[in-house]
2 protein chains.
Amino acid sequence: MKGLSEKQERILSFIERFIRENGYPPSIRDIQAGCRISSTSVVDYNLKILESRGYLQRSAEVSRSIRLNRGMHDDAMINVPVIGVIAAGNPIPVPTAETWDVTAAAEKMVVPRELTRGREAVYALKVKGTSMIDALINDGDIVLLEHVSMVENGEMAVVWLKDEKEATLKRVYFERDRVRLQPANEQMQPIFVPLQNVAIQGRVIAVIRRFD
Amino acid sequence: MKGLSEKQERILSFIERFIRENGYPPSIRDIQAGCRISSTSVVDYNLKILESRGYLQRSAEVSRSIRLNRGMHDDAMINVPVIGVIAAGNPIPVPTAETWDVTAAAEKMVVPRELTRGREAVYALKVKGTSMIDALINDGDIVLLEHVSMVENGEMAVVWLKDEKEATLKRVYFERDRVRLQPANEQMQPIFVPLQNVAIQGRVIAVIRRFD
DNA sequence: CTGTGTAAAGAACACCTGTTCTATGCCCAA
DNA sequence: TTGGGCATAGAACAGGTGTTCTTTACACAG
């Protein structure tokens, strides 16, 4: 199978993201706007190529009838396990295949699919203490996480500081051999730590604060 | 929560089957034909009912934008209207019977019933700007509110400061003839305002922060 | 009976959306 | 250079599609 052009890759991943975020397929003009393509005919042109190579299917003359063939049918994961507590000075519980089993989880929580957006390895942690106050996260808040070991610059993540034996929530920026941890509160100063002192535990998807 | 009519059950299971068989949601006229309904307006009528009860979601004026809340639409999720934006210096939109109509709301949101806990007059506001940063609420956060005009001491509420013409989110303590507004961040100092200068707009039920 | 609320029919409108047609520019082998 | 395949632009068309408006029918409480 021949390779795809950069534009076709872009279209494909846009469709994937669109379906994940909206729950229904994009129209041709959605794709046009989302991939900054100049004409609908160009989108159609590339969609026909993608279809002929089996990447997707379309029904003629039916709006939003794109189906991706890379098996992705979202079975709304709305039930996430609350696998533990995050607090300064404590290691956070590392998710395992065991804890993924939502039915077996000691504590669980229902969240709108709109929040998880089809992501796979989602779990929740309860925040203990006010040590994350500079990230606008308070005692008792619930943090929704995606289990990943690397994040992109600027993303909010759970960071484990090995030396300090401390977990914290910050925006992460990689700078040569050090890492800048930026509090969400702009009035506060960033923290710099050496690269080998940090371990990414997960990407923050959402914060939920409940008042009784 | 009231039961569904036989026709609504039929529509619901047709949508489910259609998505399963075609991979994309049906149009209103697909439903009309598939359920042998006489008019598109009847389909629309029943879809609005189904949406208001949390069984599905639609995006206004977007074709085939039906999403099913599969699995746990049994009381687990509820649909609340996002009726506006809260920002310093702006009056917040006062909820009316009009804006309660979830089906008519321009924007809406699905939240777990676990968050609303059976409360009735629940609506949502989007936070604009960082003026609530001392309440640990950031730009873009979504605040879930219960529409009340009085709160108890210590509750987090939307407070309208008449003189300053400013809405803010603080914990409220009534002290004789003045009101103490306590930021959630304990490092910051409280604000004192005269009693006649404040109007309670609603009690904060939850804060939801989403990262993309 | 009268009024009110719910449910439904049918039609019409305006916008959405897939499709198609023509024209243009580019690369590369003949 | 020439010609053909590839990719793109822009516009226009026809049918799809969500929405709304008016009218009708029915059940039920006052």
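Every chain is numbered from 1 and lettered A, B, ... according to where its sequence line falls, protein lines coming before strand lines. These figures come from a predicted structure and were not determined experimentally.
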Whole-Å gap separating [atom2] ([N]) and [atom1] ([X]):
X: B:E6; N: C:dA8; atom1: CD; atom2: C1'; answer: 15 Å
X: B:N46; N: C:dA8; atom1: CG; atom2: C1'; answer: 9 Å
X: B:L4; N: C:dA7; atom1: CG; atom2: C1'; answer: 15 Å
X: A:I11; N: D:dA7; atom1: CD1; atom2: P; answer: 12 Å
X: B:Q32; N: D:dG18; atom1: CD; atom2: P; answer: 11 Å
X: A:Y24; N: D:dG18; atom1: OH; atom2: C1'; answer: 13 Å

[X]: which residues meet the side-chain hydrogen bond (donor to acceptor under 3.5 Å, both in side chains) condition with it, sequence neighbours left out?
X: A:S59; value: A:R67, B:Y24
X: A:R58; value: A:D44
X: B:N197; value: B:E164
X: B:E175; value: B:R178, B:R180

* Asked: Going by an N to O cut-off under 4.0 Å, is there a salt bridge joining B:E6 and B:R10?
  -> yes
* At under 4.0 Å between heavy atoms, which parts of nucleotides 15-24 of chain C does protein reach? Answer with one letter per nucleotide, 5' to 3': B base, S sugar-phosphate only, - none. => --BBBB----
* **Residue-phosphate contact under 4.0 Å: B:Y45 side-chain N/O, C:dA8 OP1/OP2** => no
* Structure fact -> Applied to residues 23-32 of chain A, the salt bridge (charged side-chain N to carboxylate O under 4.0 Å, His left out) test, sequence neighbours excluded, yields A:D30-A:R64
